[in-house]
Amino acid sequence: MPNSSTLNPSVRWDSPGPGTLRRWQALIPGWFAAEARDLPWRRPDCTPWGVLVSEIMLQQTPVVRVLPRWEDWMRRWPAPADLAAAPTGDVLRAWDRLGYPRRALRLKEAAAAITARHGGKVPEDEAELRALPGIGEYTAAAVAAFAHGRRSTVLDTNIRRVLARAARGEAAPPPALSRTEYRWAAALVPEDEAVSVRWNAGLMELGALVCTARSPRCTACPLAADCTWLAAGRPGAEAPTVRKQTWHGTDRQLRGAVLAVLRAGDAAVPRGLLVSGREGTASVPESLTESQLEALARLRRLNPDPARMDRIVTGLIGDRLAQENPEGLTLPD
DNA sequence: AACACGGGGCC
DNA sequence: GGCCCAGTGTT
């Protein structure tokens with residue numbers, strides 16, 4: 001059964017009363033200080049660059065999968081200038097299977113911009129952060145808070161869910177973040193800067209560890225006594241079924257398979273493959289090995305529609321290759 | 001506002 | 001097999 005926010009788009013944006021809010025503003029930061037996971041990007045010696053890298057990697061990606069990639073990444077490219085100077089092929093390989101590899105390409109672009117425009121230092125200002133490739137509203141707020149200790153309104157899927165439940169009694173926030181929801185959440189952030197950072201971090205951690213989407217552990221929640229959703233009997237705990245993008249048989253699935261082949265290359269050779277989406281292209285400085293060509297040929301045989309395979313491969317190994325390598329790339333049949 | 005974009009793990 | 005995960009950029 002769909003929850004009420006699905007049935008009725010007009011959500012009540014009631015704020016908790018002053019007393020309740022004041023209590024939460026003490027409970028959440030306190031809970032974070034006591035219960036937070038010891039993650040490397042939260043250590044005091046972590047640089048703003050390290051925090052930025054973690055935020056990009058954590059977009060749509062669980063912490064456990066990010067941890068090893070982050071460690072390798074920071075060892076290899078400890079400062080923005082290091083990544084900016086790295087070959088794109090190395091960058092994509094180090095990204096490994098984190099998913100959404102365009103994030104890696106944008107992170108390299110952001111590193112270049114930080115090096116060129118900001119003297120190699122990660123900006124503190126949200127608008128300046130927001131201007132970097134791959135950094136949107138969430139990441140700008142998160143870096144301002146967690147890298148620089150600034151007060152900001154961090155709104156990710158975790159925080160939106162915790163606030164929706166505790167303050168409004170909804171099982172889940174509306175599908176899209178509106179300006180109304182943003183302003184509503186911004187009004188809850190504690191005024192004190194240091195407290196605000198732990199407020200943001202604490203709500204996020206609460207959503208990740210306790211107030212989870214699937215099976216919330218309300219008995220472990222510091223807000224249990226005040227939670228509107230829990231008091232109402234956790235209505236809508238059964239997740240409403242939303243329409244999902246199909247996967248099997250789509251171009252996207254095939255693109256993933258081709259990308260896996262491209263990632264597998266080890267020998268660095270002169271010029272470039274191109275990885276492209278509808279947003280444009282970026283070069284990957286390496287060429288194909290024999291085994292990669294064989295793997296692509298295998299994919300081509302498995303795929304009943306050769307034209308589709310061509311479209312995918314041409315999308316990934318695109319036009320710019322023709323400029324850089326006039327002979328182009330010939331795939332075996 | 002709706003889509004496209006990876007990949008893996010969980011129920 | 002569908003959902004979820006520290007979202008962003010394009011249409």
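Side chains are part of it too, since the values below use all heavy atoms of this structure and drop only hydrogens, waters and symmetry mates. Each chain gets a letter, A, B and so on, in the order the sequences are listed, and its residues count up from 1.
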Trainee: Under a 4.5 Å cut-off applied to non-hydrogen side-chain atoms, are A:V143 and A:P48 in contact?
Mentor: no
Trainee: Between C1' on C:dC4 and CG on A:D156, what's the gap in Å once rounded to a whole number?
Mentor: 13 Å
Trainee: Atom CH2 in A:W184, atom OG1 in A:T153: separation rounded to 0.5 Å?
Mentor: 12.0 Å
Trainee: Can you give me every donor-acceptor pair (side chain of residues 62-71 of chain A, partner residue at least two apart or in another chain, under 3.5 Å) with its distance?
Mentor:
unit_1: A:R69; atom_1: NH1; unit_2: A:D72; atom_2: OD2; d: 2.8
unit_1: A:W70; atom_1: NE1; unit_2: A:G50; atom_2: O; d: 2.9

Trainee: Can you run down the salt bridge (Lys or Arg N to Asp or Glu O under 4.0 Å) pairs that involve residues 160-169 of chain A, sequence neighbours left out, and say none if there aren't any?
Mentor: A:R160-A:E181
Trainee: By nearest heavy atom, map A:L177 and A:Q60 onto DNA chain B; which one lands nearer the 5' end?
Mentor: A:L177
Trainee: So do A:I56 and A:I135 actually touch side chain to side chain, heavy atoms under 4.5 Å?
Mentor: yes
Trainee: Is the shortest side-chain heavy-atom distance between A:E35 and A:L209 below 4.5 Å?
Mentor: no
Trainee: Considering every strand and a 4.0 Å limit on heavy-atom distances, what is the contact class for A:V63: base, sugar-phosphate, or nothing?
Mentor: base
Trainee: Considering only nitrogen or oxygen atoms on both sides, find all protein atoms under 3.5 Å from nucleotides 8-11 of chain B and state each distance.
Mentor:
unit_1: B:dG8; atom_1: OP1; unit_2: A:R97; atom_2: NE; d: 2.6

Trainee: Report yes if at least one side-chain N or O of A:T157 is closer than 4.0 Å to OP1 or OP2 of C:dA6; otherwise report no.
Mentor: no
Trainee: Suppose the criterion is side chain to side chain donor-acceptor pair (under 3.5 Å): which pairs have a residue in residues 117-132 of chain A, not counting sequence neighbours?
Mentor: A:E124-A:R150
Trainee: Run the salt-bridge test on A:R102 and A:E109 with the 4.0 Å N-O cut-off and return the result as yes or no.
Mentor: no
Trainee: Is a salt bridge present between A:R76 and A:D90, judged by a nitrogen-to-oxygen distance below 4.0 Å?
Mentor: yes
Trainee: Near DNA chain B, counting only heavy atoms under 4.0 Å, which residues of residues 123-152 of chain A show up?
Mentor: none
Trainee: Measure the distance from CG on A:L92 to P on B:dG7 and round it to the nearest whole Å.
Mentor: 11 Å
Trainee: Please confirm whether the shortest side-chain N or O distance from A:R161 to OP1 or OP2 of C:dC5 is below 4.0 Å.
Mentor: yes
Trainee: Over all strands shown, is A:A213 touching base, sugar-phosphate only, or nothing at heavy-atom distances under 4.0 angstrom?
Mentor: sugar-phosphate
Trainee: Taking the C1' atom in each of B:dG9 and C:dT8, what is the distance between them to the nearest angstrom?
Mentor: 23 Å
Trainee: Can you tell me how far P of B:dA4 sits from CG of A:L105, to the nearest Å?
Mentor: 20 Å
Trainee: Look at the side chain of A:T61 against the base of B:dG6 and say whether a donor-acceptor pair falls under 3.5 Å; ignore hydrogens and angles.
Mentor: yes
Trainee: Between P on B:dA4 and CD on A:Q59, what's the gap in Å once rounded to a whole number?
Mentor: 19 Å
Trainee: Take atom C1' in C:dC4 and the same atom in B:dC5, then report the distance between them in whole Å.
Mentor: 16 Å
Trainee: Rounding to a whole Å, what distance do you find between A:N158:CG and C:dC5:C1'?
Mentor: 8 Å
Trainee: Which ones in residues 29-39 of chain A lie close to DNA chain C, meaning a heavy atom under 4.0 Å from one of its atoms?
Mentor: A:R37, A:L39
Trainee: Is any side-chain heavy atom of A:R198 closer than 4.5 Å to one of A:I28?
Mentor: no
Trainee: Using atom OH of A:Y100 as one end and atom P of C:dT10 as the other, report the distance to the nearest whole Å.
Mentor: 15 Å
Trainee: For the P atoms, the ones on C:dT10 and on B:dG6, what distance do you get once it is rounded to whole angstrom?
Mentor: 14 Å
Trainee: Can you see whether A:Y138 engages A:Q59 through a side-chain donor-acceptor pair at a distance of less than 3.5 angstrom?
Mentor: no
Trainee: For atom P, what is the distance between B:dC3 and C:dC3, given to the nearest Å?
Mentor: 15 Å
Trainee: Nearest-Å distance, CZ (A:R160) to P (C:dC5)?
Mentor: 11 Å
Trainee: Compute the ring centroids of A:W95 and A:W73, then answer whether they are less than 6.0 Å apart.
Mentor: yes
Trainee: Nearest whole angstrom, please: distance from the C1' of C:dA6 to the CE of A:M204.
Mentor: 5 Å
Trainee: Tell me, please, whether A:Y182 has A:R179 positioned over its six-membered ring: NZ or CZ under 6.0 Å from the ring centre and within 45 degrees of its axis?
Mentor: yes
